[in-house]
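What's counted below: heavy atoms across the whole structure, side chains too, no hydrogens, waters or symmetry copies. We count residues from 1, following the sequence as given. Order of listing sets the numbers, starting from 1, for every ligand and every atom in it.
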Amino acid sequence: MSEVTLQNATKRFDSTLAVDDVSLTIEDGEVMGIVGPSGCGKTTTLRMVAGFETPTSGSIRYDDEDVTHVPPENRNVGLVFQSYALFNNMTVLGNVTFGPKMQGVGQEERRERAQELLELLDIGELGDRDPQTLSGGQQRRVGLARALAIEPHILLLDEPMTGLDAKLKQTLRKELGELLADLGVTTLYVTHDQEQAMSMCDRIAVMNDGVVEQVGAPSEVYESPANEFVANFVGTSNLLEGSISDGRVDFGFAQLDAGGLPEREDATLAVRPDDFTVGEGPITAEVRNLFYLGEKVQAIVTLDDGTELTLELDRHRDALSKGDTVTLDIDATHVHVVRQ
Ligand code: ATP
């Protein structure tokens, strides 16, 4: 296993600055997620770590070794890419034993290792199958087994669950999360799906426009977003302008107990949809829309001054309908200042 360090890594394609001065350390054995919107530079960052792209400036290190100019085949990385197809002229077992064979691992040992991985991924019985006859979820598992078979120092996953149905994603997310935690391989996990990253990664780096906006544990990034972009990208936030003085926060439409927020004359505050209490409080709003999201219900409400808020409701307790008037309170102990 290795620690991976990107130091001031920058990648320019002609006029596009895909990755802009990124410094990031993935600790030995850590699962680091990179999340961000399409085109923000996630894949380019991962490709630099893998060796498929050479940084325009800056460096990549595995432990103390500078690998910036080392080709991918000499880096011992396991790769699972969206577009990284399985070898269709080989069986599943052939796919998984291919890497170790190239590494010179003996036949018996590589077959044993491959079978063990297939069992671990719950596809032990598929060794003799032709990959083309497998379901999408089974193919992803084979891809993962193939990446892990070379006993990589670093595992790089780029949108490994794209194209799978929601239920399978959920199952794989749990299994893959547990597997990664057990294996202790240093892992970089690229996805635009923040829920996947939040549930599977030890830390996540939120990227926007080639820049890393924040790095932290999922709870840290969710609870204390560094800026408006992160507050909006990771989960949903209501971004409200307010001023905080004398232990009170003034949102214009309501004055509330500041709950320990620092004094600020003019701040943007991020209020999560579940930081509202419905049923009592100094805010009056009208319910505009309700979205049933399975276990939760999201409500869009508007205030008299036109401010629109997104709330999360308790499916059982807060039975509301469109057009209802509700009173609300905000739990200021969870509110976070994202701009001052
Ligand atoms: P997605 O989630 O859509 O895969 P991403 O965050 O992974 O996006 P990248 O693929 O890293 O984003 O691309 C970052 C920027 O660099 C984009 O503007 C993209 O068009 C550009 N880019 C990436 N690869 C190349 C290339 N080989 N040549 C030119 N521009 C490129």
Side-chain angles (χ1 to χ4, degrees), residues 4-26 31-60 67-73 75 77-85 136 139-140 143-144 147 154-166 168-169 172-173 176 180 186-201 203-216 218 221-222 225-236:
V4 177
T5 311
L6 292 100
Q7 193 151 17
N8 306 106
T10 294
K11 182 67 188 180
R12 194 179 269 287
F13 298 105
D14 302 322
S15 60
T16 308
L17 187 55
V19 176
D20 183 7
D21 198 27
V22 165
S23 294
L24 185 67
T25 298
I26 310 156
V31 181
M32 170 76 83
I34 301 188
V35 296
S38 183
C40 71
K42 306 181 292 293
T43 296
T44 306
T45 303
L46 179 130
R47 287 173 61 82
M48 288 196 287
V49 173
F52 294 117
E53 302 287 356
T54 306
T56 311
S57 60
S59 65
I60 314 285
V67 295
T68 314
H69 300 283
V70 175
E73 60 273 22
R75 292 196 187 193
V77 291
L79 301 166
V80 182
F81 282 7
Q82 257 178 73
S83 55
Y84 219 60
Q139 288 184 8
R140 293 316 150 89
L144 203 59
I154 298 151
L155 182 63
L156 302 176
L157 307 170
D158 190 353
E159 302 280 10
M161 297 195 206
T162 304
L164 300 181
D165 66 62
L168 188 55
K169 261 188 207 168
L172 259 186
R173 184 167 80 189
L176 184 55
L180 294 178
T186 309
T187 302
L188 189 59
Y189 189 111
V190 163
T191 177
H192 66 277
D193 181 338
Q194 34 118 348
E195 249 181 56
Q196 254 175 49
M198 301 274 282
S199 61
M200 291 178 42
C201 299
R203 286 192 300 158
I204 57 177
V206 184
M207 278 189 87
N208 177 31
D209 240 347
V211 171
V212 171
E213 300 274 2
Q214 187 173 9
V215 186
V221 173
Y222 186 84
N227 53 39
E228 295 187 20
F229 176 81
V230 178
N232 259 332
F233 188 80
V234 179
T236 307

Under a 3.5 Å distance rule, please check whether [X] uses its side chain to pair with a backbone N or O of [Y] as donor and acceptor.
X: Thr191; Y: Asp193; answer: yes
X: Gln196; Y: Arg173; answer: no
X: Asn227; Y: Val230; answer: yes

About how many Å separate [atom2] of [Y] and [atom1] of [X], when rounded to the nearest 0.5 Å?
X: Leu24; Y: Thr45; atom1: CG; atom2: OG1; value: 8.5 Å
X: Lys42; Y: Ile34; atom1: NZ; atom2: CD1; value: 9.0 Å
X: Leu144; Y: Leu79; atom1: CG; atom2: CG; value: 11.5 Å
X: Leu46; Y: Tyr189; atom1: CG; atom2: OH; value: 12.0 Å

Checking heavy-atom distances from atom 4 (O) of ligand 1 to each of Val35, Thr43, Asp14, the winner is Thr43

Do ligand 1 and [X] have nitrogen or oxygen atoms that lie under 3.5 Å from each other?
X: Thr45; answer: no
X: Phe13; answer: no
X: Lys42; answer: yes
X: His192; answer: no
X: Ala18; answer: no

Should you measure from each heavy atom of Pro37, which atoms of ligand 1 turn up under 4.0 Å away?
-> 6 (O)

Numbered atoms of ligand 1 (with element) below 4.0 Å of Gly39, judged on heavy atoms | 1 (P), 3 (O), 5 (P), 6 (O), 8 (O), 12 (O), 14 (C), 15 (C), 17 (C)

Does ligand 1 have any atom sitting under 4.0 Å from a heavy atom of Gly210?
-> no

